[in-house]
Amino acid sequence: MTTDQETATGQIEPVRPVARGLSRNLVMIVGGGTVGGLVAWFFYAWLGLRRNAVDAAGESIGSGIFLLLVLSVAGTTYRSRR
């Protein structure tokens, strides 16, 4: 005798689709590369272009925020079309 809720009520739970996306390793590699690129941009702006350290950090942080904004808009556009 089964006493499952779905058997007792006669309702069957719908099958959820499998989430498809990037693998965790790929996300970590791309994220690490991006952070490494931003750190390299900081040192290039600070030492190579001879800017103030605060200005170089502001450029690097601003570039990171811009990349997050672009990623957010791209992700929203992609998900709205599915």
Side-chain angles (χ1 to χ4, degrees):
M1 182 168 141
T2 39
T3 58
D4 272 341
Q5 188 69 12
E6 39 184 71
T7 307
T9 60
Q11 296 175 353
I12 298 174
E13 186 176 325
V15 177
R16 295 182 183 161
V18 176
R20 296 187 187 262
L22 300 175
S23 69
R24 183 175 181 187
N25 290 337
L26 182 61
V27 170
M28 296 300 282
I29 289 169
V30 170
T34 303
V35 169
L38 291 173
V39 169
W41 177 251
F42 165 75
F43 281 112
Y44 175 71
W46 181 35
L47 301 173
L49 299 177
R50 297 185 181 267
R51 299 209 176 150
N52 187 359
V54 175
D55 291 339
E59 283 186 22
S60 180
I61 292 169
S63 298
I65 291 172
F66 176 73
L67 289 174
L68 287 175
L69 177 67
V70 168
L71 182 65
S72 175
V73 169
T76 302
T77 304
Y78 173 74
R79 288 186 189 264
S80 69
R81 294 183 182 222
R82 290 192 337 164

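We number each residue from 1, following the sequence as shown.
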Peer 1: Check which hydrophobic residues are tied to Ile65 through side-chain heavy-atom contacts below 4.5 Å, counting indirect links as well, and list them.
Peer 2: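 Besides Ile65, the cluster holds Ile61.
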
Peer 1: Got a sec, which residues hit side-chain contact (heavy atoms from CB on, under 4.5 Å) with Ser23, two or more places apart in sequence or on another chain?
Peer 2: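 Partners of Ser23 under the side-chain contact (heavy atoms from CB on, under 4.5 Å) test: Asn25, Leu26.
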
Peer 1: How long is the span from the CG atom in Asp55 to the CH2 atom in Trp46, to the nearest 0.5 Å?
Peer 2: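 These two atoms lie 13.0 Å from each other.
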
Peer 1: List the atom pairs, with distances to 0.1 Å, where a side-chain N or O of residues 66-76 and a protein N or O form a donor-acceptor pair under 3.5 Å, not counting sequence neighbours.
Peer 2:
from, atom 1, to, atom 2, distance (Å)
Thr76, OG1, Ser72, O, 2.9

Peer 1: For residues 30-42, dump all side-chain donor-acceptor pairs below 3.5 Å to protein atoms at least two apart in sequence or in another chain.
Peer 2:
from, atom 1, to, atom 2, distance (Å)
Thr34, OG1, Val30, O, 2.8
Trp41, NE1, Glu59, OE1, 3.4

